[in-house]
Structure formats: C-alpha cells, structure tokens
Amino acid sequence: SSSPSSSNQQPDKFQKYIDLVRTDWDKFIKKSKLDPSNTAVKPFLEQLVIINPSQPTYWKSISGAINRTIEDEMGQALNKTSLKTLKIWTNNKVEAMTSESLYEPNQAPYFRPDQMSPFWDTLWASHLRTHKEVAATSYLAYFTGARTKEITSLNIEDIKIRSSDDNIFIKMPLRQSKSNRYKDRREAVTLPITKNGLKPIFEWITFLIGTRTSGKLFENLDTDKVNYHYKRTAHKLDWSIHPSGHSMRVSFVVNAIIAG
C-alpha cells in the first residue's frame with residue numbers, strides 16, 4: 001500500500017483544546033460584550049487558562065487549534081496583530097513550562113550494522129522501486145551521517161565518482177542542507193566503497209540511475225515517505241523498535257566512536 005498522505009486535520013488528541021477554546025470564546029464574548037473580531041483576541045488570550053500539555057512541543061498544535069477555532073467563531077482570518085499576539089502568548093507558555101522542568105525529546109535509537117543488514121536486504125529485495133530507493137537512502141545516510149532530506153535531494157549530475165587503488169569514492173554535493181541553508185560554503189557527503197563493504201551500494205546507485213544523466217537520484221522519496229517505509233519494514237521484520245531518519249545519523253556517530 002502507498003504511504004499515508006499528509007492531512008491538515010487537527011489530531012484527535014487536540015480536539016479537547018478546540019472544544020475548550022470554542023466554549024471559552026463564547027463565554028468571553030457574552031461577558032465582555034466585545035465584538036467577536038480581532039480586537040477581542042488579545043483580551044481573550046489574557047484570560048484563557050490551559051493546563052500544560054505533557055510536552056512543550058505540543059504548544060505548537062495547541063496554538064494552531066486556537067487559531068483555527070477563533071477564526072471559525074469570528075468568520076474571518078486573524079490579522080497580523082492577532083497572529084503576533086497569539087505567537088507571543090504561545091512563546092510565553094512554552095518558556096513558563098520549560099523553566100519549571102527539564103524536557104528533552106527521546107534520543108533516536110541506535111542500530112548496529114549487523115542489525116541494519118537484513119533491513120536493507122528486505123527493502124532491496126522488493127520489486128518496488130520505492131523500496132529500493134529507501135534501501136539506498138538509508139545506507140547512504142547510515143554511512144555518511146547525512147540527513148534524510150539531504151540524501152533524497154541528491155541530483156545525478158552532481159555525483160562525482162573516483163577510484164583510488166582498490167577503493168571507489170562517491171562524492172555527493174548537497175544542494176539542500178539544514179546547516180548550510182544559504183550555501184555560503186561547499187558541502188558534500190563522501191562515501192568510500194571498499195571490497196568488503198556491507199552492501200553493494202555502488203551497484204545499487206548505478207541501478208537506480210539507469211540511463212539517466214540528470215535529475216533526482218531518488219525519484220519517489222521525501223523524508224516522510226522514508227520514515228513511513230522504515231516503520232513498515234521494521235514491522236515486517238518483527239522489530240519492536242523502528243528506525244527513523246535521525247537513527248541513521250545517531251548510528252553514524254556511535255559507530256565512529258566505537259571505531260575510535
């Protein structure tokens with residue numbers, strides 16, 4: 001089956017905030033006798049009481065729920081002043097919450113090379129090109145430490161291949177990089193391929209390029225699709241924990257530390 005498409009609908013777990021805001025907005029407008037318009041947004045937020053969620057990151061979704069609910073109730077969009085007011089209100093809530101306790105997101109799990117080997121085999125053995133692309137993307141990210149988006153954005157015409165003794169080096173300049181957004185320096189990932197490489201990644205890349213001379217190396221992928229297939233493949237292998245894009249980066253670092 002295909003990967004799930006993104007949805008603009010609010011997750012069910014935030015429905016309680018939508019209901020709360022809608023109820024409180026109606027009560028506030030009746031009590032304050034203000035017009036249900038942008039002028040009422042600031043005083044409404046000043047009196048709105050919401051219990052902290054379990055994680056600070058949930059305030060982003062709560063803020064979105066507040067935005068949409070008020071717009072629905074007003075019958076018009078929030079103006080720039082109201083949006084700025086909501087942003088300040090949300091930031092204040094986050095700062096207040098994080099000052100009370102230390103909140104840290106869970107670290108992405110580490111996977112050894114021997115654990116990842118059957119994972120890549122399962123994906124590459126599929127007759128679907130997308131699965132083969134995920135296998136190669138995962139392998140490149142695992143052994144270079146690059147982000148998933150950086151790998152899936154690689155272009156065929158940018159890839160440089162050179163040989164040295166018995167080794168092959170694949171240099172892949174990054175067109176998109178989170179840490180080099182304005183491209184004020186050169187940035188590339190280089191993968192050395194040795195005879196005892198875990199998988200035949202050079203042959204994989206050659207297969208995926210085919211007869212093409214330009215365009216995206218990976219035609220069917222983005223970060224969400226890759227993570228979706230990571231989860232499906234882990235389930236197929238009966239893994240209790242599934243890797244994510246960040247798992248590849250974490251594993252790259254841990255493997256480097258282990259290797260000394």
Side-chain angles (χ1 to χ4, degrees), residues 3 54-57 98 101-126 130-154 159 161 164 166-181 185-205 208 217-218 221-260:
S3 58
S54 58
Q55 293 292 332
T57 186
T98 54
S101 303
L102 176 63
Y103 292 91
E104 292 185 322
N106 294 330
Q107 178 62 60
Y110 162 71
F111 293 87
R112 300 189 312 271
D114 64 294
Q115 291 175 315
M116 291 301 300
S117 184
F119 186 85
W120 294 319
D121 287 341
T122 299
L123 284 164
W124 188 261
S126 170
T130 298
H131 292 172
K132 295 183 185 295
E133 289 190 357
V134 173
T137 295
S138 175
Y139 192 92
L140 290 173
Y142 187 91
F143 285 105
T144 64
R147 296 177 175 86
T148 300
K149 184 177 181 179
E150 295 168 348
I151 297 296
T152 58
S153 299
L154 291 172
I159 298 174
I161 300 175
S164 176
D166 292 332
N167 298 326
I168 298 175
F169 294 88
I170 303 180
K171 184 178 181 181
M172 298 163 279
L174 301 179
R175 292 196 178 191
Q176 293 184 330
S177 172
K178 185 177 180 180
S179 59
N180 188 20
R181 183 169 297 170
R185 66 183 187 277
R186 291 183 180 181
E187 191 171 11
V189 293
T190 301
L191 179 68
I193 301 175
T194 61
K195 286 184 177 180
N196 59 349
L198 196 60
K199 299 297 171 189
I201 186 62
F202 183 72
E203 286 77 6
W204 286 6
I205 292 174
L208 293 172
L217 171 59
F218 302 109
L221 297 185
D222 56 32
T223 300
D224 288 340
K225 284 185 179 179
V226 170
N227 285 328
Y228 169 78
H229 288 293
Y230 281 175
K231 188 173 183 179
R232 281 181 59 90
T233 305
H235 179 72
K236 184 181 294 185
L237 293 171
D238 291 326
W239 288 6
S240 58
I241 299 175
H242 65 83
S244 65
H246 198 58
S247 293
M248 303 302 110
R249 287 171 58 79
V250 168
S251 298
F252 172 79
V253 172
V254 173
N255 287 335
I257 294 172
I258 294 173

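Count residues from 1 along the sequence.
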Do Lys236 and Thr122 touch side chain to side chain, with heavy atoms closer than 4.5 Å? yes

From [X] [atom1] over to [Y] [atom2], what is the distance, rounded to the nearest 0.5 angstrom?
{"X": "Asn227", "Y": "Arg232", "atom1": "CG", "atom2": "CZ", "answer": "14.0 Å"}
{"X": "Asp121", "Y": "Met116", "atom1": "CG", "atom2": "CE", "answer": "10.5 Å"}
{"X": "Trp120", "Y": "Gln115", "atom1": "CH2", "atom2": "CD", "answer": "10.5 Å"}
{"X": "Phe218", "Y": "Ile205", "atom1": "CZ", "atom2": "CD1", "answer": "6.5 Å"}
{"X": "Ile170", "Y": "Thr144", "atom1": "CD1", "atom2": "OG1", "answer": "11.0 Å"}
{"X": "Tyr228", "Y": "Asp222", "atom1": "OH", "atom2": "CG", "answer": "13.0 Å"}

Is the Trp204 ring parallel, tilted or perpendicular to the Tyr139 ring (thresholds 30°, 60°)? perpendicular

Give the C-alpha distance, both sets of side-chain angles, the deciding distance and a yes or no for side-chain contact (heavy atoms from CB on, under 4.5 Å) between Ile201 and Phe143. CA-CA 11 Å; Ile201 186 62; Phe143 285 105; over 6 Å; no

Are any side-chain N or O atoms of Ser138 and backbone N or O atoms of Val134, one a donor and one an acceptor, separated by less than 3.5 Å? no

Taking the six-membered ring for Trp and the single ring otherwise, decide whether the centroids of His242 and His235 are under 6.0 Å apart. no

What about the rings of Phe111 and Trp239, do their centers lie closer together than 6.0 Å? yes

Dump the intermediate steps for side-chain contact (heavy atoms from CB on, under 4.5 Å) on Glu133 and Leu208, then the final yes or no. CA-CA 7 Å; Glu133 289 190 357; Leu208 293 172; 3.9 Å; yes

If the condition is side-chain hydrogen bond (donor to acceptor under 3.5 Å, both in side chains), which residues does Asp238 pass it with, not counting sequence neighbours? none

